[in-house]
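Here the structure is laid out as structure tokens; the discussion comes afterwards.
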Amino acid sequence: SPLGARYLARMVVGALRLGIGDMTMLDSLALAYTGSAKNRPVLERAYNLTSDLGYVGRTLADGGLKRLENAEIIVGKPIRMMSAQRLSTSEEVIEKLGECSAEYKLDGERFQIHKKGEHVEIFSRRMENITRMYPDAVQMMIEQVKADEAIVEGEGVAVDAETGEMKPFQTLMQRRRKYGIEEMMEKLPVAVYLFECLYADGEDLTLRPYTERRRRLGEIVEETERFKLVRAKPISEASQLDDFFEEAITDCTEGLLVKSVADDSIYRAGGRSWLWVKLKASYQSKMVDPVDLVIVGAFYGRGRRAGNYGALLGAVYDPEEDTYRTICKVGTGFTDENLAKIPEMLREHQHEGKHPRVDSLMEAEVWFSPGVVMEVLGDELTLSPIHTAAYGKLRKDSGLAVRFPRFIRWRDDKSPEEATQVTEVVDMYNAQTKTV
DNA sequence: AGTGCCTGCCC
DNA sequence: ATTCTGC
DNA sequence: GCAGAATGGGCAGGCACT
């Protein structure tokens, strides 16, 4: 069968997914080889440093717990990346972190870069080896990092070849390619904004506090316009954080990543801890305008959403043509409770096939006549090849889409004609001024 | 050669 | 990515 | 408080089909 063939092929290339979480594997290994899941933290640390379940299993089987306890960073093996919690106000951040350092949060791709002499490897957030996609980043790493051996992290961002100004995320994604790498490199060079140093010349820095890691980063990097430390500022009170956040937004970044500078502010490999907190404009609902979208279609849910809708197709109103044009699907933000009510709410609007006043390139599984309105929050609007809102108005063959859409609440008080209009989203898009 | 659909990976 | 939920 | 499981837009690339 085709599915069977896929399983076989994946076994051969080592890409078979089993549906067992890595943490469950660690539990099992601990139980199997040490007789108790209590020893899992030892395995976890080794795993976090090497991202290699096979290595953890083999070492444990061959050398026992003792040898695993001595697990170390290996340059060339990706360290599992640390991620951040989210908070919506500077007061909450200060309350949680106290003294901290705030860094610009840029909209690019996270790089973990390993250097051993002249040999460089770049890893993505999910431990993919992406070295070949970014030869320019490799070159800068060789030339600008003075340590013989180093592991650093930063954000790769596409920049304009002439002006050096930062390009949006969508543009950077054109660099994630297998062919035509050199041409794209000329057209869309990357800049790397560094923010972490995990290892330098034999020294594991992951268990050292932030201030020391940042200092070490500064020591080993010789900065250039395209390879430099990300803008950061020491913060001790909420008002300073607010000011710096304003600056970050003015500079067209996503916001701030705020990091604890306490003695215990280690790099928690593989963890999402409160040592790092994300602060984005969209978390403060006052700072980003939500949109009111008309539900024109739906898609069936899977897994725990089976038997219900998994996502709704949202549209804005075009009064000129008296038409509803799609702008995004919405599949998150629903509680189990309000999700359960959706079918009933929409039943009376169900419509055989696409409603004549709906303009959609996307084929919904269930269609509705315009009736129900929902409030949706997003981070920003992007040009879209698949949504029809403002289609052709900003660019040929492109509409607009909401990035990171989430359901906020029903707008029973609004009729479909009172939903957000095409002209409004066009204005919102233009107000984003994507030039850094 | 061109189109459309699906997947995997970024966010 | 965001969000909710169960442990 | 954390991990897991739902879900989003959009890019390149692979493959089937025209």
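Residue numbers start from 1 in every chain, and the chains themselves are labelled A, B, ... in the order their sequence lines are given, proteins ahead of strands.
Checking the phosphate oxygens (OP1, OP2) of B:dC11, no side-chain nitrogen or oxygen of A:Lys278 falls inside 4.0 Å. A sub-4.0 Å separation between OP1 or OP2 of C:dT2 and a side-chain N or O of A:Lys280 is present. Within the structure, a side-chain polar atom (N or O) of A:Arg86 is placed less than 4.0 Å from OP1 or OP2 of C:dT3. Of the side-chain N and O atoms in A:Arg304, none sit less than 4.0 angstrom from OP1 or OP2 of C:dC4.
Mapping A:Gln174 and A:Trp274 onto DNA chain D by nearest heavy atom places A:Trp274 at the nucleotide closer to the 5' end.
Between A:Arg403 and A:Asp107, at least one side-chain N (NZ, or NE/NH1/NH2) sits under 4.0 Å from a carboxylate O, which counts as a salt bridge.
Looking at heavy-atom distances under 4.0 Å, A:Gly378 makes no contact with the nucleic acid at all. Using a 4.0 Å heavy-atom distance criterion, A:Gly301 is classed as a sugar-phosphate-only contact. Nucleic acid contact for A:Ile386: sugar-phosphate only, since backbone atoms but no base atoms lie under 4.0 Å from a heavy atom of the residue. In this structure, A:Tyr309 reaches neither bases nor backbone, as no heavy-atom distance under 4.0 Å exists between it and the strands shown. Nucleic acid contact for A:Phe407: none, since no nucleic acid atom lies under 4.0 Å from a heavy atom of the residue. When heavy atoms are screened at a 4.0 angstrom cut-off, A:Arg125 is found touching the sugar-phosphate backbone but no base atom.
If you walk DNA chain D from 5' to 3' and mark each nucleotide with an atom closer than 4.0 Å to a heavy atom of chain A, the marks span D:dG1 to D:dG14.
Shown for residues 327-339 of chain A: residues whose heavy atoms fall under 4.0 angstrom of DNA chain D, namely A:Cys328, A:Lys329, A:Gly331, A:Thr332.
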**OP:** Using Watson-Crick or G-U wobble pairs with both distances under 3.5 Å, give me DNA chain D in dot-bracket, 5' to 3', with [ ] for crossers and | for pairs to another strand.
**Re:** ||||||||||||||||||
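Among residue pairs with one or both ends in residues 347-366 of chain A, those qualifying as ring-ring contact (aromatic ring centres under 6.0 Å, His included) are A:His351-A:His355; sequence neighbours excluded.
Remark: the A:Glu92 side chain and the A:Ser88 side chain contain an N/O donor-acceptor pair separated by less than 3.5 Å. Judged purely by distance below 3.5 Å, without hydrogens or angles, the side chains of A:Tyr317 and A:Glu418 never pair a donor atom with an acceptor atom.
The separation of B:dG8 from C:dA1, taken at their C1' atoms, amounts to 15 Å, rounded to a whole angstrom.
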Report, one line per pair, each donor and acceptor closer than 3.5 Å where one atom sits in a side chain of residues 274-282 of chain A; sequence neighbours left out.
unit_1: A:Lys280; atom_1: NZ; unit_2: A:Asp379; atom_2: OD2; d: 2.8
unit_1: A:Ser282; atom_1: OG; unit_2: A:Asp379; atom_2: OD1; d: 2.5
unit_1: A:Ser282; atom_1: OG; unit_2: A:Arg406; atom_2: NH2; d: 2.9

Original post:
Can you check salt bridge (Lys or Arg N to Asp or Glu O under 4.0 Å) on A:Arg304 and A:Asp336, steps first, answer last?
Top reply: CA-CA 10 Å; A:Arg304 54 177 282 119; A:Asp336 284 357; 2.9 Å; yes
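Listed by chain and number, the residues in a ring-ring contact (aromatic ring centres under 6.0 Å, His included) with A:Phe195 amount to none (sequence neighbours excluded).
Rounding to whole angstrom units, CD1 of residue A:Ile122 and P of B:dC9 are separated by 18 Å.
Screening A:Asp289, A:Val376, A:Val316 for a side-chain contact (heavy atoms from CB on, under 4.5 Å) involving A:Thr420 leaves a single residue, A:Val316.
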